[in-house]
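To start, the structure itself, in structure tokens.
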Amino acid sequence: MPLTVFNRLTRQKEEFKPLTEGEVKMYVCGPTVYDHAHLGHAKTYVAFDVIVRYLRYTGYKVRYVQNITDVGHLLETDEDRVIRKAGQLGLEPMEVVETYARSFFQDMDALNVIRPDISPQASGHIPEQIEMTQGLIEKGYAYVTDVGDVYFDVTKWPEYGKLSGRSVEDAQSERQIVGSEKRNSADFALWRHAEPEHLMQWDSPWGRGFPGWHIECSAMSKKYLGETFDIHGGGLENQHPHNDCEIAQSEALHEKPFANYWLLTGSLTIDGEKMSKSLGNFVTIKEALEQYRPEALRYFLLSSHYRGPIDYSDEALKAASGGWDGLMVGVQRVRFAMKDAPEDAAGSDFLETVEKRKQAFLRYMNDDFNTPQAIAELQELTTDVNRFLDQGQVVGMDVLTAINDAYNELGGQILGVVPETITIRTDLETVDPLLMMLIDIRSQARKDKDYARADAIRDHLSKLGIVLEDGPEGTYYRAR
RNA sequence: GGCGACGUGGCCGAGUGGUUAGGCAGGGGUCUGCAAAACCCCGUACACCGGUUCGAAUCCGGUCGUCGCCUCCA
């Protein structure tokens, strides 16, 4: 059962075949670090996190590169976003970059997003960008203006716009003539000249200046992944012009394909409108994590397909939290049963069910990373597990281990929503033995019909976010 | 206007030419010291209008509507 992916470039599902057997080279457009990341970023990077996790799970050696943009990303006003922020805060531009890059990684860590193998910064790759720009000038695809700007001439590259489905004429007509220095309205900057007071500038063959926004991705993917690589990812809203420009630059210069598979994620909306910094309707990841568990947030993001849109609302997040809770009930019941299960194969009939669910899960993941269906399958497994344990029969270690392994692999390793050990509060991570002692005391109290004491213990723990559940196989705890 | 995506039950959200997605909320039941959880049962959806077909929510055409992009955006 081969892995198929929807390739935005060809607009169809294709069997995934990497350039080198067993290896995947992947690049995803990263954030511009001038503010805290919001849930839109979370959607994109959680989606690619699961894609990388799954590729690795199925045996691929993956090199995952995701850039940090820290220079050259301009506002409508031609101001550099990072420099403007530095002015507002009275900081060096690189202090702004450092602050928000750290914030970004903190948020990603909290969301259990595995870090990319390389997180290159644009400002650290100026020579590479200059070299590519120089090459494009020499090949006649780019030209230098009187003031020292360098533009890519889209009319020299007829395929410009092929990812988003535009023709060069479309791209021309949709743009107003802004700078008289450009030959065509759709031409885009590879290099911009800088005035003396501009805070981030470097020497170049065309004078002091800084790179255009698009060239960094072409230059850094080339450096770390090669002229042609397997997967290029990013948010759908950057398809045009950004991704179209990347393709034009790289393919014009190298005369070979840039990325073989384009995987783009749908936008996250809030109240039906796209969440974005420009609209001011964004919820930062930090704000969302004050209200919801990171696992629930991941569960929410993965409960819609990566290519589709998803609308953020309290109802949707509560539903996702409830769904995650239900999953964890199954997980925790199994783990508690494992604490004193006999070392035998009792109940091994159930192994067939586990295997069936696992295969179905993997089948869905192989179909363009269909996480909503995969999650549904995990829920079905949980219903099976609960029904199984409700029978109250003795279940041997072999079977419990198999169930636990399935949860860890599918829900943990691949989706990243099932933690290896539940975290109640950070300051309570190692209290399992203490909780077990309390559960024992309470169980004795219940046997003695001292229900006041039993309930007091349960109430106290409840206030700490720990829920005790009395089931046929004994009492277990879980986080609320 | 151009390019692209999409319209599914109370809500969220998959999928598919004929067979139960799943979650949340709601109703009924079983279990239980109480609670909670779990399990069982219940709603029978697919924007609208045509067409293709033995049969379409699923394919084709059209209409209406929503959303994204069009040098701010993951």
Side-chain angles (χ1 to χ4, degrees), chain A residues 8 11 28-32 37-45 47-48 66 73-79 81 161 164-167 169-171 173-176 178-179 185-189 212-214 233-242 245 264-269 272-279 282 299-300 303-305 307-311 313 315-327 329-330 332-333 364 367 370-380 382-383 385-387 389-391 446 449 451 454-455 458-459 462 467-472 476 478:
Chain A
R8 207 89 214 172
R11 293 160 207 282
V28 172
C29 288
T32 302
H38 58 65
L39 291 172
H41 299 100
K43 170 171 161 55
T44 296
Y45 300 122
F48 286 109
Q66 184 193 110
H73 198 174
L74 306 184
L75 292 155
E76 279 173 323
T77 56
D78 252 19
E79 281 177 286
R81 318 160 106 72
S164 69
R166 286 166 170 77
S167 64
E169 295 74 44
D170 287 338
S173 64
E174 74 194 15
R175 292 153 192 266
Q176 318 303 318
V178 193
S185 61
D187 290 352
F188 56 90
W213 174 39
H214 312 298
L236 191 57
E237 70 281 340
N238 273 336
Q239 187 181 31
H240 183 82
H242 182 63
C245 293
L264 302 180
T265 55
S267 295
L268 181 134
T269 57
E273 271 199 317
K274 196 179 83 163
M275 181 178 290
S276 72
K277 288 174 187 171
S278 56
L279 290 172
F282 62 92
Y299 187 103
F300 163 70
S303 68
S304 84
H305 192 93
R307 276 191 282 123
I310 188 168
D311 196 57
S313 66
E315 284 110 311
L317 259 294
K318 277 184 189 131
S321 297
W324 181 80
D325 272 343
L327 198 57
V329 166
Q332 284 297 90
R333 284 183 75 177
Y364 289 127
D367 180 15
N370 193 333
T371 56
Q373 284 283 33
I375 286 176
E377 202 60 33
L378 223 43
Q379 291 288 0
E380 305 244 30
T382 299
T383 301
V385 166
N386 282 321
R387 198 189 289 132
L389 294 181
D390 279 349
Q391 292 167 358
R446 291 177 69 214
K449 300 209 188 298
Y451 294 120
D455 290 348
R458 188 170 61 194
D459 291 346
S462 173
V467 181
L468 294 190
E469 308 275 14
D470 301 323
Y476 67 94
R478 63 188 178 87

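Here is how names work: the chains are called A, B, and so on, in the same order as the sequence lines, proteins then strands, and each is numbered from 1. What you are looking at is a predicted structure, and each value in this text was computed from that prediction instead of being measured.
- With sequence neighbours left out, Glu237(A) forms a side chain to side chain contact (heavy atoms under 4.5 Å, CB included) with Ser267(A), Lys274(A).
- Taking Tyr45(A) as the reference, Phe104(A) meet the ring-ring contact (aromatic ring centres under 6.0 Å, His included) condition, with sequence neighbours excluded.
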Got a list of protein N/O to nucleotides 43-47 of chain B N/O distances below 3.5 Å?
none

(message) Give the dot-bracket line for RNA chain B from 5' end to 3' end: parentheses for intra-strand Watson-Crick or G-U pairs under 3.5 Å, square brackets for crossings, | for inter-strand pairing, dots for unpaired.
(response) (((((((..(((.....[...))).(((((.......)))))....(((((..]....))))))))))))....
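- For Arg387(A), the side chain to side chain contact (heavy atoms under 4.5 Å, CB included) partners two or more places apart in sequence, or in a different chain, are Thr383(A), Asp384(A).
- With sequence neighbours left out, the side chain to side chain contact (heavy atoms under 4.5 Å, CB included) criterion links Pro372(A) to His305(A), Asn370(A).
- For Asp325(A), the salt bridge (Lys or Arg N to Asp or Glu O under 4.0 Å) test picks out no residue, with sequence neighbours left out.
- Every residue meeting the side chain to side chain contact (heavy atoms under 4.5 Å, CB included) condition with Leu236(A), not counting sequence neighbours, appears here in chain and number order: Arg8(A), Gln239(A), Leu264(A).
- For Gln373(A), there are no side chain to side chain donor-acceptor pair (under 3.5 Å) partners at least two apart in sequence or on another chain.
- Checked against salt bridge (Lys or Arg N to Asp or Glu O under 4.0 Å), Asp367(A) has the following partners two or more places apart in sequence or in another chain: Lys13(A).
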Write down the protein N/O and nucleotide N/O pairs, taken from nucleotides 21-31 of chain B, whose separation is under 3.5 Å; answer none if there are no such pairs.
{"from": "A21(B)", "atom 1": "N3", "to": "Gln373(A)", "atom 2": "OE1", "distance (Å)": "3.3"}
{"from": "G23(B)", "atom 1": "O2'", "to": "Ala319(A)", "atom 2": "O", "distance (Å)": "3.0"}

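- Residues that satisfy the ring-ring contact (aromatic ring centres under 6.0 Å, His included) test with Trp213(A), not counting sequence neighbours, are His73(A), His242(A).
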